[in-house]
Amino acid sequence: LSGWAAGLDAVLDPQALVLILVGVLVGILVGALPGLSATMAVAVLLPFTFALEPVDGIMLLLGIYGGALYAGSIPAILIRAPGTPSAAATVLDGHPMSQQGRAGEALSISVIASAVGGMVGVLLLAFFAPLVADFALRFGPAEYFMLSIFALTIIASLSESALAKGLISGGLGLLIATIGLDPVQAFPRFAFGSVELSAGIEFIPILIGLFGVAEALRQFERLRRGADSRPSLGSFRLGLGRLKRLMPTTAGSSVLGFLVGVLPGTGGDIGSFVAYNETKRFARGEKNFGRGDPRGVAAAESANNASTAGALTPMLTLGIPGDSVSAILIGAITVHGLRPGPQLFTGSPELVYGIFIGFFLVYACLLVVGLVGIRFWVRLMRVPTQYLWPTVLVLSVIGSYALRSNPFDVLIMLLAAVLGYFMMKGGYPLAPLVIGVILGPIAESGFRRAMIISGGSYEWLLNPIPLVLLVLTVVSVALAALRARRRQPEPEDRNGGGGAGPNAP
Amino acid sequence: VRAGAGNLVAAGLLLAVAAAVVFLTLDFPPPGDPNDPGAGTFPRMIAGLLAGCGLLLLFQRGETEPLPRGSGLLRVAGVVVLLGGYAALLEPLGFVLASGLFLAAALLLAGVRRPLLLAVLPPGISLALFYVFYVLLRVSLPRGVIEGVIF
């Protein structure tokens, strides 16, 4: 109970409450603009949190993320262009509703389902996270090594692209993490006599480069002007009967979204598609799905938002990022000298429980702000983004520079951006790279310490937890390889396929 | 199965990186503890993973987006060059001037041609950002002549 009291005390501070509101408003702005993803916004706006208290900073970022996840549905419903990749499933029924003159109804469902999904996700997070953290206190070096390898392989194997490309991305992240002092002997590796390289590569400039600047480069390539379309919105009202009919779908999809989100590498995009498909399967015989069924919008949006809370579970309890946004949140926490993991629950309870309470408030705020301003948010879509991208680049430079007051980090950001740009072009997912950079030191130090403790033998691999994780790792790779074989396009499809796929939720 | 040009280039780069990593780790010192695999083992394991996946790429069809051409290529390359220049000038000129110059050039690249916007937005945005980050949030940013006069 004292953890909850500390969390409540931290969140009910006026500054934290204002930051939640500001975050939600900024998030809605970002999400409503096609091209600006929720991950990009959180990465680029990270420097705003450097000077804030950890709880306040996380509240701002969670507000931005929650707002952007919801608002991504606005262009998805109105112009069939998801504002963030995780709103892709919303298009399936949201846009047909818009074409039938029921856009207002779809937008109202989207706000309510987003808020309910987020709240259910946070409640599940608050229930399960302390249990997982308690269990994780038993983890030693061997468990952390295998957990890192499992997380990385499952992220790579669940990527939209081929398994090999996901593994390459993760491998590059691990390799970047080896630059600098090694975790056991403190020997400077791959430093080439440079003081900056000896100190290691900070992962915040890398993630800003990958998720902020690389996306900006893509947007500069194909400059997008504000959307001109002004579809008929219809009524925004939802009757009580309609809400009741949507409740089972929303509740079920929220739980499903949370569970999918807990798996490393599965962001809102996968969560919302899984929930959409399951809702469709349960409503067997009904042919309205894909033709403007409100349940489709409710399922996609509630799962999308609930999965975010799911992704926070491994991040808070194990220090293992569940997706790219939780990787950024790790950055926001480590900037303050804290380390996510089971010890955070006892060492900084105000932060952990503050996140539970604050994230719930984010969705309460989203519900009110989303419904009150619903007619205005629709207009944001028409803002031409050509004025915003140069500012996004300046914010990226601030975020990279301000970390250590060193232009070297800006250079790292730029190199990461160029790498990320070519990776996106080549169909390589970006999330495994960032997560590899974070997991690299945990994996290497776990591996070497496990070897030292066991006297140079590999018998630690046969301990129960590492063994289970090893089996899961092998199974996830095998399943991904099988899936990739089935997906291999026929020769005549060669010209028809594929972009890079979504890289960020 | 024929690998696309993108996969061939990527495979070549990955094999080169893997070889370089193995070569560089040869000079690493021996471990202090006889049971410690040493500073070079983990990088070599990663090099093995990258080389293996690089070889796999040779047997996969490339699913890639086309690289930019013409004005798209110029804009992308232009932003990279501008960012490099921005990083180099950030400390010598200070945040406000370096950001103002960068913003003016980046807005031009983004297709903004209205003189009023080009005159007002760059100094306005850079001053506002400096005020918010440096003055309000106390985030470390390089100061130059303009910052010395105004703030």
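Just so we're on the same page: letters track the sequence lines, and every chain starts at 1. Just the heavy atoms: all of them, side chains too, but no hydrogens, waters or symmetry mates, feed the values below. Predicted, not measured: the structure shown is a model, and the values here were computed from it.
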> Below 4.5 Å, heavy atoms only, C-beta onward: do B:Leu109 and A:Gln386 meet side chain to side chain?
Replying inline: no

> Is the shortest heavy-atom distance from the side chain of B:Leu137 to the side chain of A:Phe50 under 4.5 Å?
Replying inline: no

> Side chain, backbone, both or neither: which part of B:Pro34 has a non-hydrogen atom closer than 4.5 Å to chain A?
Replying inline: neither

>> Before we go on, tell me: are the rings of B:Phe133 and A:Tyr401 under 6.0 Å apart, centre to centre?
In response: no

>> To check you understand the geometry: which heavy-atom pair defines the closest contact between A:Leu175 and B:Pro43, and what is its length?
In response: CD1-O, 4.5 Å

> Given the options A:Leu393, A:Ile453, A:Ile168, which has more heavy-atom pairs under 4.5 Å with chain B than any of the others?
Replying inline: A:Ile168

> Quick one: what part of B:Leu141 sits under 4.5 Å from any heavy atom of chain A, side chain, backbone, both or neither?
Replying inline: both

>> Any non-hydrogen side-chain atom of A:Arg448 less than 4.5 Å from a side-chain atom of B:Asp33?
In response: no

>> Can you tell me which portion of A:Leu217 sits under 4.5 Å from chain B's heavy atoms? Options are side chain, backbone, both or neither.
In response: both

> Would you call the rings of A:Phe447 and B:Phe42 parallel, tilted or perpendicular if under 30° counts as parallel and over 60° as perpendicular?
Replying inline: tilted

> Are the side chains of B:Phe102 and A:Val397 in touch, meaning some heavy atoms are under 4.5 Å apart?
Replying inline: no

> Which region of B:Ser126, side chain (C-beta onward) or backbone (N, CA, C, O), has a non-hydrogen atom less than 4.5 Å from a non-hydrogen atom of chain A, or is it both or neither?
Replying inline: neither

>> Counting heavy-atom pairs under 4.5 Å with chain B, which one of A:Leu403, A:Val410, A:Ile398 comes out on top?
In response: A:Ile398

>> What I'd like to find out is whether the side chain of A:Tyr421 reaches to under 4.5 Å of the side chain of B:Pro68, using heavy atoms alone.
In response: yes

>> With a 4.5 Å cut-off on side-chain heavy atoms, are B:Leu24 and A:Phe192 touching?
In response: yes

>> Between A:Phe48 and B:Val132, is there a side-chain heavy-atom distance shorter than 4.5 Å?
In response: yes

> Between A:Pro47 and chain B, which part of the residue has a heavy atom less than 4.5 Å away: side chain, backbone, both or neither?
Replying inline: both

> With a 4.5 Å limit on heavy-atom distance, are the side chains of A:Pro407 and B:Leu90 in contact?
Replying inline: no

